[in-house]
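Residue numbers start from 1 in every chain, and the chains themselves are labelled A, B, ... in the order their sequence lines are given, proteins ahead of strands.
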Amino acid sequence: MTDYNALAELLLPNIDKTPEYYENLYPARNLPEGARVVRVAPSPTGYLHLGTLFAGLVNRITATSSGGVFFTRIEDTDKKREIEGGIENIIDGFARFGITVDEGFYSGRQEKGDYGPYQQSHRAEIYQTYVKDLIKKGYAYPCFCTAEELEAVREIQEAQKIRTGYHGKWAKHRNITVEEAKALIDEGKPFVIRLKSPGSEENKVVFEDGIKGKIEMPENDEDFVLLKSDGIPTYHFAHAIDDHLMHTTHVMRGDEWISSVPKHIQLFKLLGFKVPKFAHISPIMKLDNGAKRKISKRKDPEAAVHFFAEQGFPSENVIEYLMTIAASDFEDWRRANPTASYKDFKFNLKKMSVSGALFDEVKLLDVSKNRICLLSSQQVYDYVTEWAKEFDPEFYEILVKNPEYTKAVFAIDRDVPKPRKDIAKWNEVKDYFSYMFDDLYVPCFELPENIQKADALAFLESYKAVYSADDDKQEWFNKIKAIAPTLGFAAETKEYKANPDAYKGSAGDLSTVLRLAITGRRNTPDLCSIMQVLGQDEVINRIDTILRG
RNA sequence: GGCCCGUUGGUCAAGAGGCCUAAGACACCGCCCUUUCACGGCGGUAACACGAGUUCGAAUCUCGUACGGGUCACCA
């Protein structure tokens, strides 16, 4: 009969606290009925990933909707994969997207809250305390197998076509004695601590997933690793301890975790913890050569959230798009509440898609357009200059040269009851308004086929003589209409349509000529406004340039 | 391969046995409005993966097949 207490002392001699100590240190939260305590637990292995942002958003909105708590926890138990600045990348990324944090890391490396530390590498002693307790109870034991030994076992299992893994009779050190363990330790052999799983493949474990519904799986019988040889826990163990001590009520994470739920449930029960509710979020997918696959950090630029910043998507518009994926009833709500903050939306997990949604940039563009058209010219000015300062310094200089002028440009078709929906992201602005800035304007006078160059030039000549920058819209167009008949064009579109053979075209065609002369484009916002902003001199100047050929 | 999960138009999706002759949004096309460019309005193309079963009745329940996804580490 193994002396488990002796084994525990042998393995973790420096641990003198007990689970009770921590239970008392982190008492239950005082929250109203129905409040959900949720978290996002990223590992600092790279930049902020779209999937992580998505998970963060879903958790944040769940906490907000229920009057609960949202916290961040850094899962840095794998030192090999950790990168410099990894924590800041993710935490500051959340902040940039307006995902506020109630507890845990909230900016750079700053953390707050009563249930910390919120970084797993700083919680080693806590995990070890619980592991020691498990060993004493005979639920955990040391394993001295090397990677090579484990690999050899796996090969045998594969050759025999049986389930691979460290379980049942394959669990070599399951019944190791204190003496055997001591001898191996004295030899300097490294070891891990494994769970002595009481489970059986024959039994079923059933749980209700908040998103996917009822799921039934075989019980875990794998003696998986709790503590790695460096004394740091694996994800599974840290998850159980932390979410218990931090009193998480709902574990909402990527659905790649579904298959390990039996392990987690087993751990919670063995440790005497209340099992939290689980909700597994489907990944955002991407179409690759006709095949759907999870969006990948390595292959897809849009997987890195930085991609959106570079393109000039306002971060809240990316969130807006993510909300449409997260909740199937969000768009309806948005139509009814066009100016409300998405945070006021009542989020319901049941409305989340069970299968993974394809990332749709075209839809993102549309969502973003619909939000940007609601902004004032001042807001657009602030956004665009902020973006350009970082990503297009040359354009930035042009924009700030004369702020009032630039704002007047953005006000065209914007500060009106029915604003134009044209800009979806800030990197489109430069090209879209290039003709409004001397430094960017390139004259171009390619007429449509139905207009003769001689007529166009004759029109410009006449128009130049009567044009005034003070004209209001009606006056402005009346002048075009007045010239039309003198050149054989119809003043009214209807007249032309009724009798197309009698005219060369309509006043509308002449507007196109003018637009071309002034902007070099066939498509622009309201021409009259453009000419007013440009000013009399510049307009005459541009017409002259065309007339001179 | 084992174990899970999924499959409604090109995309996101509504849908919980009769209300489905299957909603809405994006994209696309057409028409209307219009001084241009847009906005907007109206309309259109387009889907229940397949096969059995249960039922008076199935997109909805069951089983099977196919396809897609996830997972099987001292990574999270």
Does A:Ser506 offer a backbone N or O that forms a donor-acceptor pair with the side chain of A:Asp509 under 3.5 Å?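 Yes, the answer is positive, given that a donor and an acceptor are paired below the 3.5 Å cut-off.
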Which nucleotide, [options], lies nearest any side-chain atom of [X]?
X        : options                : answer
A:Thr164 : B:rC74, B:rC72, B:rG69 : B:rC72
A:Asp332 : B:rU35, B:rC4, B:rG24  : B:rG24
A:Glu256 : B:rC72, B:rU71, B:rC75 : B:rU71
A:Trp476 : B:rC5, B:rU35, B:rC4   : B:rU35
A:Arg335 : B:rA76, B:rA13, B:rG24 : B:rG24

In whole angstrom, what separates [X]'s [atom1] from [N]'s [atom2]?
X        : N      : atom1 : atom2 : answer
A:Met217 : B:rG70 : CE    : P     : 16 Å
A:Arg334 : B:rA13 : CZ    : C1'   : 18 Å
A:Asp209 : B:rC4  : CG    : P     : 15 Å
A:Phe237 : B:rA76 : CZ    : P     : 14 Å

Could you check if the base of B:rC56 is syn or anti? Syn means the glycosidic torsion is within 90 degrees of 0. anti
Pair [X] + [Y]: ring centers closer than 6.0 Å:
X        : Y        : value
A:Phe144 : A:Phe191 : yes
A:Phe224 : A:Tyr235 : no
A:His264 : A:Phe207 : no

Does anything in residues 468-498 of chain A form a ring pair (Phe, Tyr, Trp, His ring centres under 6.0 Å)? List the pairs, not counting sequence neighbours.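 For residues 468-498 of chain A: none.
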Holding to salt bridge (Lys or Arg N to Asp or Glu O under 4.0 Å), I want the full list of residues that pass it with A:Lys214, two or more places apart in sequence or in another chain.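 Scan of A:Lys214 (salt bridge (Lys or Arg N to Asp or Glu O under 4.0 Å), adjacent residues dropped) gives none.
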Rounding to the closest angstrom, what is the interatomic distance between [N] and [M] at atom [atom1]?
N      : M      : atom1 : value
B:rA47 : B:rC39 : P     : 28 Å
B:rA14 : B:rG24 : C1'   : 7 Å
B:rG44 : B:rG53 : C1'   : 39 Å
B:rC4  : B:rU45 : P     : 43 Å
B:rG69 : B:rC28 : C1'   : 29 Å
B:rA27 : B:rC67 : C1'   : 26 Å
B:rG51 : B:rA13 : P     : 26 Å
B:rU11 : B:rA46 : C1'   : 12 Å

Under 4.0 Å protein heavy-atom contacts per nucleotide of nucleotides 58-67 of chain B, with B for base, S for backbone only and - for none: ----------
Produce a footprint string for nucleotides 38-48 of chain B: one letter per nucleotide, 5' end first; B if the base is under 4.0 Å from any protein heavy atom, S if only the sugar-phosphate is, - if neither. SSS--------
Salt bridge (charged side-chain N to carboxylate O under 4.0 Å, His left out) partners of residues 468-490 of chain A, not counting sequence neighbours, each pair once: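 Every salt bridge (charged side-chain N to carboxylate O under 4.0 Å, His left out) pair that includes a residue of residues 468-490 of chain A, provided the two are not neighbours, is A:Asp471-A:Lys479, A:Lys473-A:Asp526, A:Lys481-A:Glu492.
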Sequence neighbours excluded - salt bridge (charged side-chain N to carboxylate O under 4.0 Å, His left out) pairs with any residue from residues 352-363 of chain A: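 Checked against salt bridge (charged side-chain N to carboxylate O under 4.0 Å, His left out) - neighbours excluded - the pairs reaching residues 352-363 of chain A are A:Glu331-A:Lys363.
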Have a look at [X] and say if it touches a base, only the backbone sugar-phosphate, or nothing, with a 4.0 Å heavy-atom cut-off.
X        : answer
A:Arg194 : sugar-phosphate
A:Ser260 : nothing
A:Pro525 : base
A:Val192 : base
A:Glu216 : sugar-phosphate
A:Lys481 : nothing
A:Ser43  : sugar-phosphate

Report the base-pairing partner of [N] (Watson-Crick or G-U wobble, both distances below 3.5 angstrom), or none.
N      : answer
B:rA76 : none
B:rC63 : B:rG51
B:rG57 : none
B:rC3  : B:rG70
B:rA46 : none
B:rA13 : none

In Å, rounded to the nearest 0.5 Å, how long is the span from CG of A:Leu184 to SG of A:Cys143?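 One finds 10.5 Å between CG of A:Leu184 and SG of A:Cys143.
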Establish, for the pair A:Arg542 and A:Tyr435, whether the NZ or CZ atom is under 6.0 angstrom from the six-membered ring centre and no further than 45 degrees off its axis.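 No, A:Arg542 does not sit over the ring of A:Tyr435.
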side-chain hydrogen bond (donor to acceptor under 3.5 Å, both in side chains) against A:Glu158, all qualifying residues, sequence neighbours excluded: A:Arg154
So, using side-chain hydrogen bond (donor to acceptor under 3.5 Å, both in side chains) as the criterion, who are the partners of A:Asp78 when residues are at least two apart?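 Partners of A:Asp78 under the side-chain hydrogen bond (donor to acceptor under 3.5 Å, both in side chains) test: A:Arg81.
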Contact check, residues 350-367 of chain A vs RNA chain B, heavy-atom distance under 4.0 Å, returns A:Lys351, A:Ser353, A:Val354, A:Ser355, A:Ala357, A:Leu358, A:Asp360, A:Val362, A:Lys363, A:Asp366
Members of residues 141-156 of chain A that approach RNA chain B, where some heavy atom sits under 4.0 Å away: A:Cys145
Evaluation steps, side-chain hydrogen bond (donor to acceptor under 3.5 Å, both in side chains), between A:Glu495 and A:Tyr503: CA-CA 9 Å; A:Glu495 281 174 36; A:Tyr503 301 100; 3.2 Å; yes
Pairs where residues 38-49 of chain A contributes a residue and the test side-chain hydrogen bond (donor to acceptor under 3.5 Å, both in side chains) is met, not counting sequence neighbours: A:Arg39-A:Asp243
Would you be so kind as to tabulate the donor-acceptor pairs closer than 3.5 Å made by side chains of residues 345-358 of chain A, with sequence neighbours excluded?
from	atom 1	to	atom 2	distance (Å)
A:Ser353	OG	A:Ser355	N	3.3
A:Ser353	OG	A:Ser355	O	2.6

Result of checking A:Arg194, A:Arg174, A:Lys263, A:Lys196 against A:Asp223 for salt bridge (Lys or Arg N to Asp or Glu O under 4.0 Å): A:Arg174
Under 4.0 Å: is that the gap between some side-chain N or O of A:Thr45 and OP1 or OP2 of B:rC75?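 No, because none of the side-chain N or O atoms of A:Thr45 sits under 4.0 Å from OP1 or OP2 of B:rC75.
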Going through the distances and angles, do A:Lys212 and A:Ser282 end up as a side-chain hydrogen bond (donor to acceptor under 3.5 Å, both in side chains)? CA-CA 9 Å; A:Lys212 314 239 178 200; A:Ser282 305; 3.2 Å; yes
